[in-house]
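Report on the following structure.
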Amino acid sequence: MNIILSPVRMDVDAFEVTKFGDTLWVNGQAFDFSPMKEGSTLPYGAVVSDHFPGDVNRDNGVITLTLRLPLPWNYSQAQAFPEPLLNVPDGPVKLPDPLPPEPEMKDPVIDQEEAANE
């Protein structure tokens with residue numbers, strides 16, 4: 001399976017993708033593409049889900065699809081401009097990671113007041 005990621009800025013609690021054979025699980029919901037015949041295409045909208053913003057094709061036995069990738073507020077360049085995921089193995093799909101959250105910023109005025117009271 002080849003997965004083309006289509007990044008979209010949106011906050012979600014979780015986004016988990018797992019692949020087993022020709023079935024893709026997105027947040028626990030199964031999308032089984034095994035009935036697709038060689039050379040066939042499911043046009044955009046045939047898969048009833050907002051997760052798939054394009055066609056799904058089977059060429060040379062390989063399913064190729066576009067998957068919407070939610071971008072968190074701390075998205076990374078790897079998420080904003082993702083590489084296609086080619087020959088995805090069975091199991092959890094490794095998606096690009098966001099940037100680590102920044103440490104909590106301290107207010108310099110409060111820090112000065114705390115230092116004066118010590």
Could you give the distance from CG (D55) to CG (L42), rounded to the nearest 0.5 Å? 8.5 Å

From L69 atom CG to Q79 atom CD, the distance as rounded to the nearest 0.5 Å: 6.0 Å

Can any side-chain N or O of R68 pair as donor or acceptor with the backbone N or O of D50 at less than 3.5 Å? yes

On a heavy-atom basis, which atom in A80 and which in P7 lie closest, and how many Å separate them? O-CG, 3.4 Å

Check whether any side-chain N or O of D22 sits under 3.5 Å from a backbone N or O of F33 as a donor-acceptor pair, and report yes or no. no

Find out if a path of hydrophobic residues (ILVMFWY) with successive side-chain heavy-atom gaps under 4.5 Å connects F20 to I3. no

Would you say T41 and N57 are linked by a side-chain donor-acceptor pair, where the criterion is simply a distance under 3.5 Å? yes

Let me confirm one number: the OG-CG distance from S40 to D59, rounded to the nearest 0.5 Å. 8.5 Å

Under the 3.5 angstrom rule, does the side chain of E38 hit a backbone N or O of G61 as a donor-acceptor pair? yes

Side chains of P53 and S6: closer than 4.5 Å at any heavy-atom pair? yes

Check whether I4 and V88 end up in the same hydrophobic cluster, where Ile, Leu, Val, Met, Phe, Trp and Tyr are linked by side-chain heavy atoms less than 4.5 Å apart. no

Do L24 and T18 have side-chain heavy atoms sitting under 4.5 Å apart? no

Could you grab the distance from atom CG of N27 to atom CD of E16, nearest 0.5 Å is fine? 6.5 Å

With no hydrogens and no angle check, is any side-chain donor or acceptor of N60 less than 3.5 Å from a backbone partner on V62? no

Is there a path from W25 to M36 through hydrophobic residues (I, L, V, M, F, W, Y) whose side chains come within less than 4.5 Å of each other? no

F52 and Y44 aromatic centres sub-6.0 Å: no

If Ile, Leu, Val, Met, Phe, Trp and Tyr residues are connected whenever their side-chain heavy atoms lie under 4.5 Å apart, and connections chain through other members, are V12 and L67 in the same group? yes

Got a donor-acceptor contact below 3.5 angstrom from the T66 side chain to the G54 backbone? no

On a heavy-atom basis, which atom in A30 and which in T23 lie closest, and how many Å separate them? CB-CG2, 4.1 Å

How long is the straight-line distance from CZ of F15 back to CE of M10, given to the nearest 0.5 Å? 8.5 Å

State yes or no: do V26 and M1 share one hydrophobic cluster built from I, L, V, M, F, W and Y residues joined by side-chain heavy-atom distances below 4.5 Å, directly or via other members? yes

Donor-acceptor pair, side chain of K37 and main chain of G39, under 3.5 angstrom: no

State whether the side chain of R9 and the backbone N or O of L71 hold a donor-acceptor pair below 3.5 Å, judged by distance alone. yes

Enclosure of E83 CD (heavy-atom neighbours >12, cutoff 6.0 Å): no

With no hydrogens and no angle check, is any side-chain donor or acceptor of N2 less than 3.5 Å from a backbone partner on N87? yes

Look at atom CG of D11 and say whether more than 12 heavy atoms of other residues, nucleotides or ligands are closer to it than 6.0 Å. yes

